[in-house]
Participant: 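Sharing a structure below in structure tokens format, with a few things to ask.
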Amino acid sequence: MPTVLITGAGRGLGLEFVRQYAADGWTVIATARSPDRATELGTLAQAAGGRVKVHALDVADHAAIEALAARLAGVPIDLLINNSGTMGKESFAGQGMKAQRFGTSDYDEWAYQFRVNALGPMKMAEAFVEHVAASSQRKIVALSTVMASIGGNNLGGLYGYRSSKAALNAILKSMALDLARRAIIVAPLHPGWAATEMGGANAPVRPQHSVAGLRQVIAGLTKEKSGRFWQWDGKELPW
Ligand SMILES: NC(=O)c1ccc[n+]([C@@H]2O[C@H](COP(=O)([O-])OP(=O)(O)OC[C@H]3O[C@@H](n4cnc5c(N)ncnc54)[C@H](OP(=O)(O)O)[C@@H]3O)[C@@H](O)[C@H]2O)c1
């Protein structure tokens, strides 16, 4: 069975990815910043009897990413899911569209969002490219957001989150072009407005449905669909 590596797997969509891929028989390498606090993930790993392995990983820590890649040297990874993401202190779930407004920028927070949302997936891809290249499916995806779409932005605000995820999209576009020669498929994915800590309880899409849809989109990714921006229900989004 194929192997998937998922970042930010302790809660939210990451945890749901673990649940669904494990139920499907995949080998799952699940990373979380604090596995000790990720009790649901621990329970899932125990129930999976060795098919779900948990590793501590903060994607802002490049040395830790390199160390994990070295530890997993020689392990083919069919699918790398860069799921970890942050809105920083001012989140959509907390402040709605009033978060991260013009005139209130916290530049340290903004830089941290870049480090997690844009540079984290880049570093993960650079560290794990050989693992992915050695697999059968050869896919790298990242959880982006419709808020990264410049063409689709008609509400303003959310400067740190939008710009860090737009940077992520630009990074994945280049990566798709660069890694095509190694037959690696790369795509940013929008999960919908999903009811997690980030999305808030009023979000219309259940994490189970979002992840089920995303898994279908990922399964259907081909070299023609690489370097394009996909939504959880299969719709293509404008950059
Ligand atoms: N929910 C939505 O409506 C929505 C919409 C569009 C895009 N997205 C994207 O989908 C992805 C998953 O979001 P979610 O809704 O599941 O959010 P969430 O419930 O807030 O979960 C975020 C996940 O990212 C992890 N994370 C944050 N900073 C990290 C770091 N420095 N290193 C490693 N992991 C880190 C968190 O780990 P800890 O538990 O350690 O904090 C957590 O597992 C994110 O990239 C998000 O931007 C979500």
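Fair warning: this is a prediction, and the values are worked out from it, not measured in the lab. FYI, the numbering just counts along the sequence from 1. Numbering of ligands and ligand atoms starts at 1, following listing order.
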Participant: Pair up each side-chain donor or acceptor in residues 213-221 with any protein partner under 3.5 Å, not counting sequence neighbours, and list the distances.
Facilitator:
| from | atom 1 | to | atom 2 | distance (Å) |
| --- | --- | --- | --- | --- |
| R215 | NH1 | Q20 | OE1 | 3.4 |
| R215 | NH2 | D24 | OD2 | 2.5 |

Participant: So, taking the atom named CD1 in I184 and the one named CG in D178, what distance separates them when rounded to the nearest 0.5 Å?
Facilitator: 11.0 Å
Participant: What is the ring orientation for Y21 with F17, classed by angle as parallel under 30°, tilted 30 to 60°, or perpendicular over 60°?
Facilitator: parallel
Participant: Suppose I only count heavy atoms of V116 and a 4.0 Å limit; which atoms of ligand 1 are within that range?
Facilitator: 28 (N), 31 (N)
Participant: Report yes or no: does a heavy atom of V205 sit under 4.0 Å from some atom of ligand 1?
Facilitator: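 Per 4.0 Å heavy-atom rule, V205 does not contact ligand 1.
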Participant: Any non-hydrogen atom of A203 lying under 4.0 Å from ligand 1?
Facilitator: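 It does not; every heavy atom stays at 4.0 Å or beyond.
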Participant: Report the member of A64, S84, P207 with the shortest heavy-atom distance to atom 33 (C) of ligand 1.
Facilitator: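 Nearest heavy atom to atom 33 (C) of ligand 1 lies in S84.
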Participant: Any heavy atom of W232 closer to ligand 1 than 4.0 angstrom?
Facilitator: no
Participant: Kindly confirm or rule out an N or O of T145 lying under 3.5 angstrom from an N or O of ligand 1.
Facilitator: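 N/O-N/O distance under 3.5 Å: no.
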Participant: Ligand 1 and T86, any nitrogen or oxygen pair closer than 3.5 angstrom?
Facilitator: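 No.
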Participant: Does any N/O atom on Y112 come nearer than 3.5 Å to any N/O atom on ligand 1?
Facilitator: yes
Participant: Which residue is it: V52, L13, V4? I am looking for the one with a side-chain contact (heavy atoms from CB on, under 4.5 Å) to V18.
Facilitator: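 Between V18 and the candidates, side-chain contact (heavy atoms from CB on, under 4.5 Å) is satisfied uniquely by V52.
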Participant: In terms of residue, atom name and distance, what is the protein heavy atom nearest to atom 20 (O) of ligand 1?
Facilitator: R11 NH1, 3.1 Å
Participant: Assess T7 for proximity to ligand 1: is some non-hydrogen atom of it under 4.0 Å away?
Facilitator: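 Contact check T7 vs ligand 1: negative.
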Participant: Nearest to atom 4 (C) of ligand 1 by heavy atom, S34, G199, G120, P191: which?
Facilitator: P191
Participant: Taking only non-hydrogen atoms of G200, do any sit less than 4.0 angstrom from ligand 1?
Facilitator: no
Participant: Considering only the protein, which heavy-atom contact is closest to atom 7 (C) of ligand 1, and what is its distance?
Facilitator: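 Here the closest protein heavy atom is S144 O, 3.0 Å.
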Participant: State, to 0.1 Å, how close P121 and N82 come at their nearest heavy-atom pair, and which atoms those are.
Facilitator: CA-OD1, 3.6 Å
Participant: Start with the C-alpha distance between R101 and E90, add both sets of side-chain angles, then the distance that settles salt bridge (charged side-chain N to carboxylate O under 4.0 Å, His left out), and finish with yes or no.
Facilitator: CA-CA 9 Å; R101 281 199 306 181; E90 280 191 45; over 6 Å; no
Participant: Check whether any side-chain N or O of S149 sits under 3.5 Å from a backbone N or O of P238 as a donor-acceptor pair, and report yes or no.
Facilitator: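 Looks like yes, one N/O pair under 3.5 Å.
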Participant: Tabulate below the donor-acceptor pairs under 3.5 Å that side-chain atoms of residues 43-51 make, not counting sequence neighbours, or state none.
Facilitator:
| from | atom 1 | to | atom 2 | distance (Å) |
| --- | --- | --- | --- | --- |
| T43 | OG1 | T39 | O | 2.9 |
| R51 | NH1 | A22 | O | 3.1 |
| R51 | NH1 | W26 | O | 2.9 |

Participant: Against ligand 1, does M87 come closer than 4.0 Å with any heavy atom?
Facilitator: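 No; M87 lies far enough from ligand 1 that no heavy-atom distance drops under 4.0 Å.
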Participant: In the protein, what heavy atom is nearest to atom 24 (O) of ligand 1, and what distance, to one decimal place, separates them?
Facilitator: G85 N, 3.3 Å
